[in-house]
Amino acid sequence: MNTDKELRTRLQRIHRKSYPAYKDLKGSYRFPGYILHINHVQGDPFAAPSKLSVELAQSQAGFPEDLFDKKYKRISLQDHLIRIFGKELSNCSFHAGGSGKSGLMSISRCGQEVLERTALVMDKDRVLARFEVGFPANGRSINAPELEKILFRYIPECVKKALCYKSLDPKRIRSVVNLAEDQYFIRQELAKRNLVAFVANGSVLPRESGVSDKPMKNAVAFESPASLKTDLSLPHRGKLAGMGIPRGITLIVGGGYHGKSTLLKALERGVYDHIAGDGREYVITDRTAMKIRAEDGRAVSHTNISAFINHLPNGKDTVDFSTEDASGSTSQAANVVEAVDSGAKALLIDEDTSATNFMVRDELMQSVISADMEPITPFIDQARTLYEKMGISTVLVAGSSGAYFSIADHILQMDTYRAYDITDKVRKICGIRAAGQTNPGSAGTGQASAANNIWSQEGRCLRVGRLERRHDQIKLKQFGRESFSIGRETVDLKYVEQIVDTEQTTTLSYIMRYVAEQLEKNPKPEIGRLLSEVCRYMEDHGPGVPGKQAGQPGNLAYVRPQEIYACVNRYRGFRRK
Ligand code: ADP
Ligand code: MG
């Protein structure tokens with residue numbers, strides 16, 4: 001391997017040459033304490049910055065193994081180090097100057113959620129951090145002394161301050177890992193106690209504004225109703241009380257503006273862990289919970305939506321249903337069946353974003369329009385089956401219709417941001433007996449065998465046409481968090497609301513490309529099998545796609561199976577095999 005001296009020599013050699021001469025720097029160099037990899041060099045000073053990584057042996061980095069000996073600890077530690085390293089890089093960013101992106105230094109920007117990312121990975125042998133640097137230029141000619149400053153002064157300083165355990169505050173690091181351990185503990189408790197979610201007393205659920213994910217200041221802190229109060233004893237924090245939302249069907253009712261959607265939003269995000277100070281650190285939801293909403297105009301490809309839609313007027317098949325432009329109800333039906341297919345054990349629904357005709361049909365309407373004229377079996381008629389036969393719970397915000405009272409196991413009322421359990425009161429008023437009280441049959445074991453085949457997406461063999469390529473690779477282009485294009489098709493993820501980070505969208509675009517490549521090759525391209533392979537890969541190896549371990553890009557973040565299914569199912573280019 002080359003040494004840092006060799007790098008210095010090369011730098012001197014290319015000073016003032018035209019920008020592409022920077023490509024000569026590609027390679028790995030041994031610095032005191034770490035290896036610097038220059039993986040990709042940008043084509044000009046205005047292009048996307050160059051990709052670098054530093055690799056430290058644990059003998060240099062020195063992180064005690066008990067800080068990362070469990071996956072959940074490792075992920076939170078990695079996340080924390082990205083934040084610290086990012087702060088150090090940003091302190092030096094643009095200190096070296098020049099045209100375009102000259103002097104930029106950055107790494108993945110983390111939000112309120114803790115996500116596994118390729119930007120920084122740690123194991124017992126090493127720490128690897130992937131980041132970006134804008135190689136400096138004057139106009140289009142190389143400014144080597146400025147890059148020398150970055151590579152020989154700024155980066156070593158950042159590495160020392162952020163990636164070496166002995167320069168970090170050990171108490172702070174420990175508290176990050178302890179929080180992860182407490183959060184993991186709560187997740188385990190959900191399963192043991194048959195809960196969909198836990199919302200700790202004192203949690204701050206509302207956000208600062210519609211565009212900020214930071215906690216609202218002076219918000220009313222969450223407080224559990226006595227009947228649902230759940231006492232936990234966390235390994236580090238100790239005693240913590242909060243509301244346990246039991247499995248089954250839970251209704252959240254209340255007047256407008258009383259905090260219903262805010263509670264549901266917090267539950268949606270609770271599939272991820274949050275950083276200390278977020279206000280939702282102890283809001284923990286079943287990892288597989290999926291937000292379900294109407295999404296007019298979404299594409300549906302060869303999906304069995306017969307659980308909800310049947311005998312359409314145009315005679316269209318709903319066991320193998322496709323459309324380029326779904327209606328409110330068909331899109332929401334597709335969203336439910338694809339969540340079920342992805343293994344979701346809880347559905348989160350807000351009437352604000354639902355299609356009314358998908359949710360309910362009132363009695364008057366039923367008496368006017370006979371059942372055989374109505375293609376839609378509303379969700380209310382399937383919700384109990386979903387729970388009892390398949391163990392899939394529902395948490396539903398419903399402010400305007402009492403229809404769901406009769407099938408709910410628990411009814412919460414939000415009143416000026418406080419939660420009350422009004423289950424008994426509602427039953428008394430409406431003369432309803434307890435709805436469920438049934439346990440999920442075989443569902444407790446996660447077996448969907450009792451479900452009949454209206455829910456099955458098995459044997460779905462799809463093919464993709466030939467996709468546009470560049471340098472032998474299918475073309476991808478990303479548009480922020482909300483969408484990406486592959487070949488000529490755009491995959492719209494705007495309403496897949498539990499995607500919280502642009503790097504998740506990047507990962508999904510890579511997965512979509514992998515899926516398309518596999519389908520092109522495979523004579524019997526069963527999509528279900530392919531997706532479970534991709535999901536398994538991500539659980540075992542972190543963000544990425546099978547077969548691409550070496551040269552992993554540094555801008556990928558973890559996505560759940562739920563988002564993978566949602567993404568692939570929104571691709572418009574599928575044809576039936
Ligand atoms: P609903 O769905 O019941 O109509 P929302 O959840 O949309 O109500 O909340 C209405 C408003 O109240 C939002 O602006 C939200 O930020 C604010 N809000 C929600 N919860 C709280 C709280 N605990 N403390 C203070 N403000 C809150
Ligand atoms: Mg609302």
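No hydrogens, no waters, no symmetry mates; every other heavy atom, side chains included, goes into these values. For the single chain, residues carry numbers from 1 onward in sequence order. Just so you know, ligand 1 is whichever comes first in the structure, and atom 1 is the first atom listed for that ligand.
A salt bridge links Asp501 to Arg117: at least one charged side-chain nitrogen sits closer than 4.0 Å to a carboxylate oxygen. Of the charged side-chain nitrogens involved, at least one lies within less than 4.0 Å of a carboxylate oxygen, so that Lys229 and Asp231 count as a salt-bridged pair. Between Asp79 and Arg83, at least one side-chain nitrogen of the basic residue sits less than 4.0 Å from a carboxylate oxygen of the acidic one, meeting the salt-bridge criterion.
Residue Gly259 places at least one N or O, backbone or side chain, under 3.5 Å from an N or O of ligand 1.
Within the structure, ligand 1 lacks Ala221 among the residues with a heavy atom less than 4.0 angstrom away. Residue-ligand proximity: Gly254 is placed with every non-hydrogen atom at 4.0 Å or more from ligand 1. Residue-ligand proximity: His258 is placed with a non-hydrogen atom under 4.0 Å from ligand 1.
Each of Met538, Glu539, Arg287 was evaluated against Pro561; a single residue qualifies, Glu539, per the side-chain contact (heavy atoms from CB on, under 4.5 Å) test.
Scanning the protein for heavy atoms near atom 11 (C) of ligand 1, the closest one is Tyr257 CZ, 3.5 Å. Of all protein heavy atoms, the one closest to atom 18 (N) of ligand 1 is Tyr417 CE2, 3.4 Å. Protein heavy atom at the shortest distance from atom 16 (O) of ligand 1 is Met216 CE, 3.4 Å. Ser261 CB, 4.0 Å is the protein heavy atom nearest to atom 7 (O) of ligand 1.
Ring planes of Tyr72 and Tyr184: parallel class, angle under 30° (limits at 30 and 60°).
The shortest non-hydrogen separation linking Phe198 to Thr230 is CE1-O, 3.8 Å.
Angle subtended at the Mg ion (ligand 2) by Asp352 OD2 and Ser261 OG: 90°, rounded to 10 degrees.
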